[in-house]
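For reference, the structure is listed below as structure tokens.
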Amino acid sequence: MNKTINIILIVVAALAVAIGIFFAGAMYTRSITLWTNWTTGAYGWNNTAYSPIGMMSGAFNRGRGGFGTMMSGAPYSNTNSAPLTTDQAKAATKKYLANLNNSDLQIAEIMIFNNNAYVVVKEASTGIGAFELLVDPVSQIAYPEYGPNMMWNLKYGSLNHNGMMNGWNYQYTNPASASANMPVTKDQATKIAQSYLDQYQPGAVAATDPMQFYGYYTLDFSKDGKVAGMLSVNGYSGQVFLHTWHGAFIEEAQVQ
């Protein structure tokens with residue numbers, strides 16, 4: 001009897017070891033596949049362009065209880081919510097700026113999309129873009145836009161916007177010494193953007209008046225005469241980052 005039990009235990013132990021080896025091998029193979037896809041650009045990353053798919057998407061969804069999941073899939077969609085008006089976006093931005101207590105910061109532009117409102121904040125003294133905000137249509141709360149606004153902004157990217165931007169800027173420098181002069185000019189940024197669009201979105205036309213920030217440019221692009229999206233160009237490397245979280249364009253307003 002004892003001999004039979006021992007044999008059964010040995011068989012069970014052998015099966016457990018075999019199953020463990022199988023799953024370990026499967027996990028190893030999966031990790032290698034994921035790493036290969038990431039490094040070869042299968043998930044939207046390459047040496048010339050960034051795509052936030054699987055990288056920054058879903059972040060800061062304040063209107064849905066919390067900030068979302070930073071490494072999730074497609075950006076959160078607010079298409080079931082009523083779009084903001086420019087006045088609502090302006091009011092939310094003014095409330096946000098009041099907390100920063102910097103009289104040199106002012107609203108330069110507001111664009112309304114069906115997922116959010118996009119706001120450019122500039123320095124009144126220089127006319128240079130300071131940073132970019134999004135406004136959630138449900139909560140009507142303004143918050144820092146993800147992507148280049150966090151990673152490439154040399155002057156304001158590390159600014160503690162209510163604790164939400166620290167640690168994102170891989171090009172961080174001393175904000176006081178940040179210069180608006182960049183190797184890539186506005187004209188070059190436009191050409192780089194158009195080259196990217198020709199390859200990945202044929203028929204799209206890049207705007208010729210990119211907004212300059214400390215470290216990068218942001219510009220929208222159109223298709224069939226209508227605004228179809230937005231992208232940013234790094235002012236040092238020329239890398240392109242496509243904004244994919246706005247949704248369909250509705251209207252825009254220049255703020256004086």
Side-chain angles (χ1 to χ4, degrees), residues 56 60 84 86-113 116-136 141-190 192-193 206-220 227 230-241 243 245-246 252-256:
M56 298 289 296
F60 305 125
L84 290 158
T86 54
D87 286 341
Q88 289 172 327
K90 185 186 299 184
T93 302
K94 286 184 175 180
K95 186 181 297 184
Y96 182 91
L97 294 178
N99 292 328
L100 297 181
N101 194 29
N102 184 339
S103 60
D104 193 36
L105 299 176
Q106 63 179 217
I107 303 171
E109 180 184 6
I110 296 174
M111 298 180 74
I112 304 296
F113 296 86
N116 49 53
Y118 165 82
V119 183
V120 173
V121 175
K122 70 176 182 180
E123 295 176 334
S125 58
T126 64
I128 301 297
F131 50 84
E132 300 161 287
L133 299 175
L134 297 178
V135 181
D136 180 81
I141 292 176
Y143 55 94
E145 184 178 38
Y146 20 91
N149 181 58
M150 291 184 178
M151 298 191 300
W152 294 347
N153 195 321
L154 299 180
K155 187 171 183 179
Y156 295 91
S158 61
L159 179 65
N160 187 358
H161 294 252
N162 298 324
M164 292 169 61
M165 291 185 76
N166 282 332
W168 282 100
N169 190 358
Y170 76 91
Q171 291 185 148
Y172 174 73
T173 186
N174 182 359
S177 65
S179 172
N181 296 321
M182 298 178 283
V184 177
T185 66
K186 282 189 175 183
D187 288 342
Q188 290 172 332
T190 300
I192 290 170
T208 57
D209 56 344
M211 185 67 190
Q212 181 176 355
F213 295 88
Y214 289 90
Y216 67 101
Y217 303 91
T218 293
L219 63 153
D220 53 73
V227 174
M230 189 180 301
L231 55 77
S232 296
V233 178
N234 191 292
Y236 293 86
S237 67
Q239 290 173 316
V240 174
F241 196 117
H243 299 208
W245 43 81
H246 296 304
E252 69 178 310
Q254 300 293 328
V255 182
Q256 302 299 326

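Numbers here are sequence positions counted from 1.
Residues meeting the side chain to side chain donor-acceptor pair (under 3.5 Å) test with Ser103, sequence neighbours left out: none. Evaluation of the side-chain contact (heavy atoms from CB on, under 4.5 Å) rule for Thr185 yields Asp187, Gln188 as partners, not counting sequence neighbours. Judged as a side chain to side chain donor-acceptor pair (under 3.5 Å), and not counting sequence neighbours, the contacts of Thr126 are Glu123. Listed by chain and number, the residues in a ring-ring contact (aromatic ring centres under 6.0 Å, His included) with Tyr118 are His246 (sequence neighbours excluded). Partners of Thr93 by side chain to side chain donor-acceptor pair (under 3.5 Å), not counting sequence neighbours: none found. For the side chain to side chain donor-acceptor pair (under 3.5 Å) test, residues two or more places apart in sequence or in another chain that qualify with Asp104 are Ser125.
Minimum interatomic distance between Tyr217 and Pro210 (heavy atoms only, all atoms of both residues): CB-CB, 4.0 Å. Contact record, His243 with Ser232: NE2-OG, 2.8 Å, taken as the closest heavy-atom pair. A pairwise comparison of heavy atoms in Tyr236 and Pro183 identifies CD2-CD, 3.5 Å as the closest pair. Residues Ala89 and Ile110 approach most closely at CB-CG2, 3.9 Å, considering heavy atoms. Nearest heavy-atom pair across Lys155 and Ala178 is CB-CB, 3.8 Å. Counting all heavy atoms, side chain and backbone alike, Ala193 lies closest to Val233 at CB-CG2, 4.2 Å.
One finds the CH2 atom of Trp245 at 9.5 Å from the CE atom of Met230 (value rounded to the nearest 0.5 Å). For the atom pair NZ (Lys90) and NZ (Lys95), the distance works out to 15.5 Å, reported to the nearest 0.5 Å. To the nearest 0.5 Å, atom CG of residue Asn116 and atom CG of residue Leu134 are 4.5 Å apart. Here Leu219 contributes atom CG and Leu231 contributes atom CG; the two are 4.5 Å apart, rounded to the nearest 0.5 Å. Rounding to the nearest 0.5 Å places CD1 of Ile128 at 10.0 Å from NZ of Lys122. Annotation: the span from Glu252 atom CD to Ile112 atom CD1 amounts to 10.0 Å, rounded to 0.5 Å.
Using a 4.5 Å cut-off on side-chain heavy atoms (C-beta onward), Phe131 and Leu105 make contact.
Between the side chain of Gln212 and the main chain of Lys186, no donor-acceptor pair closer than 3.5 Å is present. Put simply, the side chain of Asn153 never gets that close to the backbone of Pro148: no donor and acceptor are under 3.5 Å apart. Judged by distance alone, the side chain of Asn149 and the main-chain N or O of Pro144 form no donor-acceptor pair under 3.5 Å.
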Please report the C-alpha distance between Val135 and Tyr96 in whole Å, then the side-chain angles of each, then the deciding distance to 0.1 Å, and finally whether the side chain to side chain contact (heavy atoms under 4.5 Å, CB included) criterion is met. CA-CA 10 Å; Val135 181; Tyr96 182 91; over 6 Å; no
Evaluate the side chain to side chain contact (heavy atoms under 4.5 Å, CB included) criterion for residues Tyr156 and Val121: first the C-alpha distance (whole Å), next the side-chain angles of each, then the deciding distance (0.1 Å), finally the verdict. CA-CA 11 Å; Tyr156 295 91; Val121 175; over 6 Å; no
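Ring geometry for Tyr216 versus Phe213: interplanar angle under 30°, hence parallel rather than tilted (30 to 60°).
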